[in-house]
Amino acid sequence: MRRWVIALLALAALLPASAGRRPLASVLSPDGKNRVEVSFDGGTLCYEVFRNDDRILAPSPLSMSVEGRTWGADARPRKVVRRRVERVDRPVVPRKSAELRDAYCEAALHFRGYRVEVRAYDDGVAYRFVGTTPEEGRVEREQVCYRFDGDYPSLTLLTKELQNWFEEDYTERRLGALPADSMSIAPVMVRVGRYGVLLAEANLYSYPGLYLHPAGLGFEGVQAAYPSREEFRDGTNKLYAVEREPWLVKCGLDRAFPWRVTGIFDDDASMLASDLVYLLSEKSDRDYAWVRPGKVLWDWWNHNNIYGVDFEAGINTATYLYMVDFAAEHGIEYLLIDEGWSGRDDLLTLAPGVDIPAVCRHAAEKGVGILLWAKWINVDRQLDEAFERMASWGVRGVKIDFMDRNDARMVDFYERVARKAEECRLLIDFHGSYPNEGMRAKYPLLMTREGVVGLEYNKWSERATPRHDLIIPFLRMWVGPMDYTPGAMLNAQPESFRISHVEPMSQGTRAHQLAMYVVYESPLQMLSDSPTKYLENPESFAFLKQVPTVWDETRPLFGTVGSNVGVARRSGDMWFVGVMGGSEAQSLAVDLSFLGGGVWEMTQWADGANAATNGKDCRRSALRVTAADRIPVALAPGGGFAAVIRRGSGAE
């Protein structure tokens, strides 16, 4: 902690006091609402952000210290190059929509040895440094600042450690009340008057990830220096840096550095439509036609708690073969075999009683893909041999866990994994991971990642609350897919919730869990409960079997951070609706004007009459609807609503 605070003070000392700002460039978004003003204040470059002429960010300095020279301390650019871009992006893995509008205006300010690129989009703004010197060098530090005019409310994920699980509880405080001895995992939210402002980064490669340290009425960036010595923690599960270099990264200086991103929204629901982090990130032109999203049957959360069968359930071949058959019978694309299938420190040695090659052969015959769990230390040490061996068995993906860091060495590990996974045609799910920063745009095989307090926390705590569930789709999900791992069939209100490792449950209602499959974005979406529990709840399972994991179109319906959210998503000619509520009971309405003409058939899963007492109470019903209808939704505390809408006779 002390080391990064000292680094912040040292950075501030590099910069002379302001001596009056000189305007250098102004960038306006395509819709004319967002504006970035770049200036020189006598000591460094600054940027200032407006929406509808309301100031969002006060003048905020930006600089980088590179090989003893400060990029951003030059008073006049050699030239300013402007451009306007309007194009359509078609993601390989469409988490929101099959087509995304990529439209922005940009100014590139060229200086000796570097340039600063500034972009304005309709849903936010961003800047980055781009080095133009063909030589190697060290980046000692970077100044990232977000300064606000007032003591605005904020939502942060505070930690005091550079090495952590990236799974903190949200802190709701005004900027001036945030503890100075902490820093927040991104993204951060700030309420600036009527606007919701989100702060994050994009296109992170070979560089440390960003934390945001509370500083007065704003934040200053903090990054982990490059590790010089590492030690094991938690036995051999984790490898933490215990000593660090006096620099962030050593790299070629003819490269782009990460985007510093500010999302700006008139209302909370608009956040659900934004894919700004993805659009800012480098794309791939390679062939990823082999990448297949889908639902995943998962063994770990439910503790392999299968019963009514003629074998002893657990970490063994018989259990995995049964789960493959279950997945195949119910149209579930994948089975994730979690911890225990291999040696603790060796991915090439199978555990006693586990025959992964045989499971893979059986799964291939059934049309089910096998995913395997691995801790990152083993992957780091055995990457080539392990991935090639898994591919030879017929494995289709790997879930990698326990990284707990975002220094440049770890960020490089993520890309090493992505490159080898592409070679072996393996999908990747990162756990114990920092939140998304855009790497999935270049490597679409990176299907999802954790970096969120998910359903697993109900196995040992009460942290995954309905209110938390209503914060993460607006903040965490803004930067990319999140592996929350929903699907619990034991559902409880606070007075009946209990912690259990063997037979875990969720907080909130059954319909709350079902709605997550529409609201939460994850191209690999877990079915976390046991096959037995799904067979015992056929009406709920009927919804889970048909809901997709990627989408052709997304329509946010309404939303308030922490309180409620409503989303409609289209797959082909079918629409799916998800509504989730926070801790209080609510009466809402779903406007069906997104439908085409004619009559449609809607099947809905809603909180039952007694869901406020028994969270498992869920009622399925069917009705005919049109685009003119508004469907009333009565949510119990922690409630939900899910619907499937198909074309009826005469629908257009």
Side-chain angles (χ1 to χ4, degrees), residues 232-239 296-307 309-328 332 334-366 368-404 417 420-421 424 426-432 450 456 459-460 483 485 501-504 524 526-532:
F232 285 112
R233 295 284 190 272
D234 188 19
T236 57
N237 276 344
K238 304 184 179 188
L239 189 64
V296 185
L297 192 64
W298 183 31
D299 63 342
W300 181 86
W301 189 80
N302 59 76
H303 200 71
N304 285 305
N305 195 347
I306 301 167
Y307 44 92
V309 294
D310 60 0
F311 60 88
E312 184 176 350
I315 300 174
N316 57 54
T317 301
T319 299
Y320 301 145
L321 292 176
Y322 173 85
M323 295 184 79
V324 166
D325 290 342
F326 182 88
I332 300 167
Y334 295 100
L335 166 64
L336 170 59
I337 298 175
D338 213 283
E339 185 175 12
W341 66 269
S342 74
R344 177 180 175 88
D345 298 312
D346 185 6
L347 295 172
L348 306 176
T349 300
L350 296 177
V354 175
D355 188 344
I356 294 298
V359 174
C360 288
R361 288 193 297 271
H362 183 67
E365 293 173 358
K366 296 285 188 173
V368 175
I370 297 297
L371 313 177
L372 296 179
W373 178 94
K375 61 184 181 183
W376 88 272
I377 297 171
N378 292 343
V379 174
D380 188 43
R381 179 169 42 84
Q382 298 179 300
L383 178 61
D384 290 346
E385 192 174 3
F387 274 24
E388 289 166 13
R389 180 79 59 86
M390 291 175 183
S392 73
W393 291 339
V395 171
R396 293 291 177 258
V398 186
K399 171 183 171 181
I400 304 174
D401 209 346
F402 298 152
M403 287 79 74
D404 298 354
V417 166
K420 189 64 182 181
C424 296
L426 296 170
L427 307 178
I428 298 296
D429 175 2
F430 285 126
H431 268 231
E450 198 177 28
E456 67 175 2
K459 287 170 69 77
W460 59 80
D483 197 14
T485 70
H501 280 268
V502 176
E503 198 168 31
L524 286 181
M526 302 295 140
L527 296 175
S528 297
D529 223 326
S530 75
T532 311

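The residues of the chain are indexed from 1 along the displayed sequence. Everything numeric here is computed off the predicted structure, so don't read it as measured data.
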Would R396 and L426 count as a side-chain contact (heavy atoms from CB on, under 4.5 Å) if you check the C-alpha gap in whole Å, the side-chain angles of each, and the deciding distance to 0.1 Å? CA-CA 5 Å; R396 293 291 177 258; L426 296 170; 5.7 Å; no
From the list V354, V368, V395, I370, side chain to side chain contact (heavy atoms under 4.5 Å, CB included) with V359 holds only for I370
Sorted by chain and residue number, the side chain to side chain contact (heavy atoms under 4.5 Å, CB included) partners of D380 (sequence neighbours excluded) come out as W376, R409, F413, R416
Open item on the list: Is it the case that the side chains of D345 and T236 hold a donor-acceptor pair, with the cut-off being a distance below 3.5 Å and no angle test?
Closed with: yes
| said: Can you confirm whether S342 sits close enough to L348 that some side-chain heavy atom of one is under 4.5 Å from a side-chain heavy atom of the other? | reply: no
Exercise for the section: For residues L371 and V398, determine if any side-chain heavy atom of one lies less than 4.5 Å from a side-chain heavy atom of the other. Expected result: no
Report task. For S530 and N305, indicate whether the former's side chain and the latter's backbone hold a donor-acceptor pair under 3.5 Å. Result -> yes
Q) Distance only, no hydrogens: is a donor on one side chain within 3.5 Å (strictly under) of an acceptor on the other, for W373 and D401? A) yes
If we ignore hydrogens and angles and just use 3.5 Å, is the side chain of E450 paired with the main-chain N or O of D483 as donor and acceptor? no
Please report the C-alpha distance between F232 and I377 in whole Å, then the side-chain angles of each, then the deciding distance to 0.1 Å, and finally whether the side-chain contact (heavy atoms from CB on, under 4.5 Å) criterion is met. CA-CA 10 Å; F232 285 112; I377 297 171; 3.8 Å; yes
4.5 Å side-chain heavy-atom contact, I315 and N304:
yes
Looking only at heavy atoms, the pair that brings L297 and P531 closest together is CD2-CG, 4.2 Å
Distance col, row L335:CG vs K366:NZ, nearest 0.5 angstrom, shows 13.5 Å
- If we only count heavy atoms from C-beta on, is the V417 to V379 side-chain gap below 4.5 Å? yes
Pair up each side-chain donor or acceptor in residues 382-391 with any protein partner under 3.5 Å, not counting sequence neighbours, and list the distances.
from : atom 1 : to   : atom 2 : distance (Å)
Q382 : OE1    : L347 : N      : 2.9
Q382 : NE2    : D346 : OD1    : 2.8
E388 : OE2    : K420 : NZ     : 2.6

With K399 as partner, the option from D338, D299, D429 fulfilling salt bridge (charged side-chain N to carboxylate O under 4.0 Å, His left out) is D338
Between A351 and G340, the two heavy atoms sitting closest are CB-O, 3.2 Å
Taken to the nearest 0.5 Å, the spacing of E339 CD from F402 CZ works out to 5.5 Å
On a heavy-atom basis, the closest approach of L350 and P357 is CD1-CD, 3.8 Å
For D234 and K238, the nearest pair of non-hydrogen atoms, with its separation, is OD2-CE, 4.2 Å
Going through the distances and angles, do I356 and L372 end up as a side-chain contact (heavy atoms from CB on, under 4.5 Å)?
CA-CA 9 Å; I356 294 298; L372 296 179; 4.0 Å; yes
- prompt: Where do I332 and L527 land on the side-chain contact (heavy atoms from CB on, under 4.5 Å) test, with the steps shown first?
  reply: CA-CA 9 Å; I332 300 167; L527 296 175; 3.4 Å; yes
d(I337 CD1, C360 SG) to nearest 0.5 Å is 7.0 Å
CE of M526 to CH2 of W300, rounded to nearest 0.5 Å, is 12.5 Å
OG1 (T317) and NE2 (H362) are apart, to the nearest 0.5 Å, by 11.5 Å
Residue set satisfying side chain to side chain contact (heavy atoms under 4.5 Å, CB included) with F311, at least two apart, ordered chain then number -> V309, A313, A318, T319, Y322
### Task
Would you mind reporting whether Y334 and L524 have side-chain heavy atoms less than 4.5 Å apart?
yes
(message) I'd like to know if the side chain of K375 and the backbone of I400 have a donor-acceptor N/O pair within less than 3.5 Å.
(response) no
Output for pair (H303 NE2, H501 NE2), nearest 0.5 Å, gives 9.5 Å
message: Please check: side-chain N/O of T532 versus main-chain N/O of I306, any donor-acceptor pairing under 3.5 Å?
response: no
